[in-house]
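Encoded as structure tokens, the structure appears first; notes follow it.
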Amino acid sequence: MDKDKSSSRHQKNINEDEKEEQLEKYYEKNTGPGEKMTSDAGMKISNDRWSLRAGRRGPALFQDFHFYKKQSHFNRERIPEKVVHARGDGAYGEFELYKSMNHVTRAHFLQEPGTKTPVFVRFSNFIGSKGSKDTAIDIRGFATKFYTQEGNYDMLALSFAVFSVMDAMKFADFVHAVKPNPRTAVPQATVAHDNAWDYVANNQEIAHFIMWLMSSRGRPKSWRMMEAWPVNTFRFLNEQGKSTFVRFVWKPVLGVHSLLLDEANIIGGVDPDFHRRDLHEAIRKGAYPEYELGVQLIEEEDEFKYDFDILDDTKLWPEEVIPVEIIGKMTLNRLVDNHFAEEEQASFDPSTVVPGIGFTNDPVLQGRSFAYRDTDYHRLGTGNINEIPVNKPIVETNYNLRDSYSKYRIDVDSVNYHKNSLANNTPSETPPEKGGYAHYPEEVDGHITRERPGESFFDFFSQPRLFWNSMPPVEKQLIVETFNFHLGYVKSKSVRQQVVDMFANVDKEMATAIAKSIGVKPPTKANVPVTASSPSLNPHNTPHYAYTQKVAVLIGDGFNGQEVKNALETLEHYGVFMDIISENMGTVTGTDGTKLKVDTPFISTYPVLYDSIYIVGGGPESEGKIRSNILNFLNEAYKHYKPIGIATTADLYIQPSDANNLAGVVFAKNNPNFGKEFVKAIAQQRFWDRR
């Protein structure tokens with residue numbers, strides 16, 4: 001008998017895809033009418049509450065096998081967490097190709113416009129443990145598994161365009177330095193400590209990465225509003241075997257938006273699951289996260305054309321120099337049904353590629369192509385990683401790999417080796433011209449060496465300077481404040497001084513401001529003489545929408561029913577998310593009898609969890625009860641530059657004065673266009689000229 005498979009995946013009408021159909025055979029529902037508890041072997045359980053004892057008050061008996069099996073399984077429920085990217089969440093969706101890329105790659109899923117490929121995406125934080133907070137100042141992971149018709153293809157992206165090291169040899173040192181101090185296990189999920197900044201000062205290739213980390217890119221507002229790059233340089237290979245260098249980028253349709261330092265720190269305490277909740281809410285409401293896939297292409301003969309090495313992962317490919325070509329869009333439309341079985345057991349590996357996508361001599365990629373599968377062999381405890389449902393390809397698989405822990409597939413062949421005559425030498429190889437994978441026959445020469453690949457690998461500061469030049473004034477100030485915040489935790493004055501002297505190479509004025517804050521000498525040397533900038537790096541040059549922005553509606557009994565209904569209908573029309581917040585759960589009632597359901601009481605929420613506020617207030621009886629809470633929301637929203645809507649019943653909460661200019665504050669009084677004006681303000685998101 002088929003079991004009811006109702007779950008989160010059926011909350012919306014979603015088109016079935018091949019991966020979802022494959023997963024359905026693994027779904028099990030244990031609860032519901034008539035369902036009886038059994039052991040994992042199928043035996044019905046008569047008592048799951050009390051241990052077997054020798055007498056009513058006697059000791060437990062060793063023969064209580066049900067307790068043994070239940071407890072011993074519980075003892076083994078946890079697996080080793082990821083060393084990095086431990087904290088994450090994921091969702092399923094599909095990628096649709098806009099335009100054919102067959103002129104540069106033979107990859108099947110990039111051939112025909114309109115081709116749809118099932119995907120699974122995992123978002124993650126880099127530094128912290130699994131139990132840390134979503135909003136830590138950190139780089140984020142954005143790993144995508146494409147379930148293609150030629151096998152799985154894993155695209156492992158990061159929320160920065162650049163990496164922290166030039167060679168995979170140094171990755172373990174970097175991770176050791178940014179993790180908690182080995183003596184104290186403190187601090188968690190932050191680089192605000194001596195070891196991290198001592199590493200930075202003594203491994204200056206990381207300068208560009210740190211500029212991204214100290215910028216707003218290190219504090220994404222939402223995974224739905226986060227750009228991501230695989231950072232490595234790959235090859236596209238077409239049917240003729242021609243190679244083209246390629247880097248990829250995911251661009252969120254909603255634009256790139258960030259939290260302020262203060263917001264990120266507070267949210268991490270009051271709602272450590274902030275990004276997870278945001279992802280779940282958006283998908284459940286049908287506001288599916290969307291990302292367009294872009295490629296940057298460099299012809300093989302142009303490898304040495306630029307003033308940076310295209311194999312150096314601490315350097316980005318400026319979009320103004322190497323344009324981004326948008327080739328498709330990914331939509332995430334389904335949450336996982338079991339976090340551990342799907343998200344935690346999802347395995348991503350840069351060496352999981354398909355014909356048409358190849359490797360370069362990028363020194364970080366060379367190491368990553370080994371490290372990822374090896375670490376998951378340890379973490380998941382088995383060589384059968386791709387038998388786990390979330391990792392299972394949607395195409396037929398035939399191989400001579402055998403056994404290992406957690407073997408589910410039952411291989412019934414008597415022959416398990418190559419070459420053979422007993423099975424007519426099957427499974428047989430597939431030549432490249434018929435779809436088999438072949439490595440690019442790159443010509444190599446030279447002596448075995450540990451030298452850097454090129455002289456530009458020694459240039460640590462030109463691109464960090466480019467990044468700084470590309471920032472608007474308000475972002476530059478925020479970068480300085482973020483440096484000050486982190487370095488304020490560093491006890492070693494020597495390390496603080498080294499960091500200031502190092503970042504004087506990026507900008508002397510910036511380093512001087514940092515020095516003043518952290519109590520060290522100002523730098524003496526000048527920054528590198530780079531004047532170029534990249535508008536694509538400017539965080540203000542990004543799309544802005546009111547859609548899915550979250551508004552706190554602060555309200556009490558006695559509000560103007562018609563006015564508020566009109567405003568809420570306008571917000572809903574533009575796809576704004578809203579929470580009705582009042583003193584207590586239940587309902588609030590307007591002067592005309594209009595009733596609104598309260599989503600959360602003031603005591604259960606915080607101003608920083610919202611992108612905007614709509615202050616409604618209420619009649620005299622309710623005002624006294626909610627006034628202090630409304631003032632708290634108002635003060636927090638105002639200092640964080642957020643849009644504020646003021647109903648006619650609330651116009652006394654804020655008045656213009658010499659101390660403020662009320663930028664981004666929209667009043668309903670005598671304003672028939674209040675709803676649309678408020679939506680426009682919500683779309684702008686921050687009013688940096690506010691005072």
Side-chain angles (χ1 to χ4, degrees), residues 83-86 125-129 132 136-139 158 160 162-215 217-219 261 265 312-314 363-364 367 452 457-461 463-465 467-468 479-508 510-525 527-528:
V83 177
V84 291
H85 296 288
N125 286 21
F126 180 81
I127 301 174
S129 67
S132 58
I137 298 166
D138 196 359
I139 191 171
L158 298 170
F160 298 174
V162 297
F163 201 46
S164 55
V165 296
M166 292 177 167
D167 191 291
M169 179 71 84
K170 299 185 72 172
F171 183 68
D173 297 310
F174 167 64
V175 174
H176 285 168
V178 299
K179 284 289 188 175
N181 185 289
R183 293 181 64 187
T184 63
V186 174
Q188 177 61 246
T190 178
V191 294
H193 60 101
D194 287 47
N195 283 7
W197 288 96
D198 181 53
Y199 178 90
V200 169
N202 288 279
N203 296 270
Q204 297 191 1
E205 69 198 61
I206 202 174
H208 197 182
F209 178 91
I210 294 298
M211 291 300 296
W212 284 70
L213 181 65
M214 296 295 101
S215 77
R217 300 275 189 169
R219 308 180 300 270
L261 175 64
N265 287 335
D312 182 354
D313 292 336
T314 67
V364 174
R452 299 188 191 196
F457 273 72
F458 289 92
D459 180 3
F460 302 153
F461 298 109
Q463 284 210 349
R465 175 69 180 173
F467 183 84
W468 174 259
I479 289 173
V480 170
E481 291 175 3
T482 309
F483 266 108
N484 293 344
F485 170 80
H486 285 85
L487 291 168
Y489 283 89
V490 174
K491 304 305 180 186
S492 169
K493 187 173 183 179
S494 171
V495 169
R496 299 199 304 272
Q497 186 69 63
Q498 290 176 67
V499 172
V500 164
D501 293 341
M502 170 183 171
F503 281 92
N505 291 288
V506 176
D507 187 76
K508 185 177 182 179
M510 174 189 74
T512 300
I514 296 169
K516 182 178 180 180
S517 174
I518 63 174
V520 299
K521 296 177 182 178
T524 57
K525 59 184 176 181
N527 45 257
V528 294

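Quick note: numbers below take in every heavy atom, side chains included, and nothing from hydrogens, waters or symmetry partners. Heads up: numbering here begins at 1 and tracks the sequence.
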Restricting to non-hydrogen atoms, name the atom on [X] and the atom on [Y] that form the minimum distance, rounded to 0.1 Å.
| X | Y | value |
| --- | --- | --- |
| P187 | A192 | CG-O, 4.1 Å |
| K521 | A515 | O-CB, 3.7 Å |
| A196 | V191 | CB-O, 3.5 Å |
| V186 | P180 | N-CB, 3.6 Å |
| A136 | A189 | CB-O, 3.4 Å |
| V175 | V83 | CG1-CG1, 4.2 Å |

Would you find a donor on one side and an acceptor on the other, under 3.5 Å apart, between the side chain of [X] and the backbone of [Y]?
| X | Y | result |
| --- | --- | --- |
| Q463 | F460 | no |
| R496 | L487 | no |
| D312 | T314 | yes |
| S517 | I514 | no |

Does any part of the side chain of [Y], heavy atoms only, come nearer than 4.5 Å to the side chain of [X], both counted from C-beta?
| X | Y | answer |
| --- | --- | --- |
| T512 | K508 | yes |
| W468 | I479 | yes |
| L158 | H85 | yes |
| Y199 | I206 | yes |

Yes or no on side chain to side chain contact (heavy atoms under 4.5 Å, CB included) for K179 and N195, after CA distance, side-chain angles and deciding distance? CA-CA 9 Å; K179 284 289 188 175; N195 283 7; over 6 Å; no
Gap separating the [atom1] atom of [X] from the [atom2] atom of [Y], nearest 0.5 angstrom:
| X | Y | atom1 | atom2 | result |
| --- | --- | --- | --- | --- |
| I210 | F160 | CD1 | CZ | 8.5 Å |
| L213 | F126 | CG | CZ | 10.5 Å |
| M502 | N203 | CE | CG | 8.5 Å |
| R219 | T482 | CZ | OG1 | 4.0 Å |
| H193 | T184 | NE2 | OG1 | 9.0 Å |
| I518 | K493 | CD1 | NZ | 10.0 Å |

Go through it in stages, so that I can follow the logic: the residues are V162 and F467, the test is side chain to side chain contact (heavy atoms under 4.5 Å, CB included), and I'd like the CA-CA distance, side-chain angles, deciding distance and then a yes or no. CA-CA 11 Å; V162 297; F467 183 84; over 6 Å; no
Restricting to pairs with a member in residues 186-215, which pass salt bridge (charged side-chain N to carboxylate O under 4.0 Å, His left out), not counting sequence neighbours? K170-E205
Could you label the plane-to-plane angle of the F209 and F174 rings as parallel, tilted or perpendicular, counting under 30° as parallel and over 60° as perpendicular? perpendicular
Kindly assign one of parallel, tilted or perpendicular to the pair F503 and W197, based on the angle between their ring planes and the thresholds 30° and 60°. perpendicular
Tell me, yes or no, whether the heavy-atom count around Y489 atom OH, taken from other residues, nucleotides or ligands under 6.0 Å, exceeds 12. no
Just do the side chain to side chain contact (heavy atoms under 4.5 Å, CB included) check on H486 and M214 with the steps written out, would you? CA-CA 9 Å; H486 285 85; M214 296 295 101; 3.8 Å; yes
